[in-house]
Amino acid sequence: MARALAGNGWRLVVDARGTDELEEARAELAMTKAHITGIPGDVSDPAHRHRLIEVAGPSIELLVNNASTLGPSPQPPLADYPPSAFERVLQVNLIAPLRLIQLAAPRMPAGAAIVNVTSDAAVEAYAGWGGYGSSKAALEQLTAI
């Protein structure tokens with residue numbers, strides 16, 4: 001999606017937890033006619049979310065929530081899922097997208113869009129994927145509402 005938007009000249013603010021990977025992606029996207037700003041960080045960090053929105057500027061035409069975390073690997077049964085790990089999955093996969101929407105919404109003009117990327121694990125119950133799948137199902141419901 002970022003490649004397509006950059007190819008059409010959009011100004012993009014992109015982020016990732018890994019600085020090296022982010023810089024590599026930013027450099028690739030910068031070869032287009034687009035202006036690309038890469039900001040390393042974790043969307044579960046409130047300061048990082050605020051920075052993303054501030055750098056995006058006063059008008060946000062599109063918000064894409066694509067950040068995600070799988071959680072423990074291998075995935076434990078829900079009965080054995082460490083509460084702190086499940087809280088982390090919910091923080092990244094559900095709470096952070098909602099907070100970004102709340103921060104971006106006042107800057108989104110009529111016709112702007114929000115895209116929340118989920119997973120087939122949101123609608124299909126896979127054994128051992130209860131933590132991740134339930135976080136993505138919650139994001140599906142949030143998106144529908």
Inset, instruction - Would you sort out whether Leu142 and Leu98 count as a side-chain contact (heavy atoms from CB on, under 4.5 Å), showing the intermediate values? - result: CA-CA 8 Å; Leu142 181 145; Leu98 173 60; 3.8 Å; yes

Inset, instruction - Determine, step by step, whether Ile101 and Leu63 satisfy the side-chain contact (heavy atoms from CB on, under 4.5 Å) criterion, reporting the C-alpha distance in whole Å, the side-chain angles of both residues, the deciding distance to 0.1 Å, and the verdict. - result: CA-CA 8 Å; Ile101 291 167; Leu63 171 64; 3.8 Å; yes

Inset, instruction - Would you check, one step at a time, whether the test side-chain hydrogen bond (donor to acceptor under 3.5 Å, both in side chains) holds for Arg88 with Thr69? - result: CA-CA 8 Å; Arg88 172 76 179 146; Thr69 187; 5.5 Å; no

Legend entry - Criterion side-chain contact (heavy atoms from CB on, under 4.5 Å) on Thr37 and Leu12, from CA distance to verdict: CA-CA 6 Å; Thr37 302; Leu12 303 178; over 6 Å; no

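Here the CG atom belonging to Leu29 is positioned 9.5 Å from the CG atom belonging to Leu5, to the nearest 0.5 angstrom. The OH atom of Tyr126 lies 7.0 Å from the OG atom of Ser119; values are rounded to the nearest 0.5 Å. Rounding to the nearest 0.5 Å places CG of Leu62 at 6.5 Å from CE of Met1. With rounding to the nearest 0.5 angstrom, the CZ atom of Arg17 is 8.5 Å from the OG atom of Ser44. Of the inter-residue distances, the one linking Ser134 atom OG with Tyr81 atom OH reads 7.5 Å to the nearest 0.5 angstrom. Put simply, CZ on Arg11 and CD on Glu61 are 10.5 Å apart, with the number rounded to the nearest 0.5 Å.
Within 6.0 Å of CD on Glu24 lie no more than 12 heavy atoms contributed by other residues, nucleotides or ligands. More than 12 heavy atoms of other shown residues, nucleotides or ligands fall within 6.0 angstrom of atom CH2 in Trp10.
Within the 4.5 Å cutoff, the side chain of His48 has heavy atoms near those of the Leu52 side chain. Under the 4.5 Å side-chain criterion, counting only non-hydrogen atoms from C-beta, Asn65 is not in contact with Val115. Side-chain contact between Val13 and Ile39 is present, with heavy atoms from C-beta onward closer than 4.5 Å.
Follow the hydrophobic side-chain contacts under 4.5 Å out from Val117 and you never reach Leu100; the two are in separate clusters. Under the 4.5 Å side-chain heavy-atom criterion for grouping Ile, Leu, Val, Met, Phe, Trp and Tyr, Val55 is connected to Ile53 within one hydrophobic cluster.
Of all the heavy atoms in Arg49 and Ala96, the pair that sits closest is CD-O, 3.8 Å. Between Leu94 and Pro97, the shortest heavy-atom contact is O-CD, 3.2 Å. Between Gly71 and Val89, the shortest heavy-atom distance links the atoms CA-CG2, 3.5 Å. Closest heavy-atom contact between Pro109 and Ile60: CD-O, 3.4 Å. The shortest heavy-atom contact between Met108 and Ile114 is CE-CG1, 3.7 Å. Contact detail for Val43 and Ala67: the closest heavy-atom pair is CG2-CB, 3.6 Å.
The pair Arg99-Asp45 does not count as a salt bridge, with every side-chain nitrogen at least 4.0 angstrom from each carboxylate oxygen. The pair Glu54-Arg51 fails the salt-bridge criterion, with no side-chain N (NZ, NE, NH1 or NH2) lying under 4.0 Å from an Asp/Glu carboxylate O.
Screening Gln141, Lys136, Glu140 against Thr118 for a side-chain hydrogen bond (donor to acceptor under 3.5 Å, both in side chains) leaves a single residue, Glu140.
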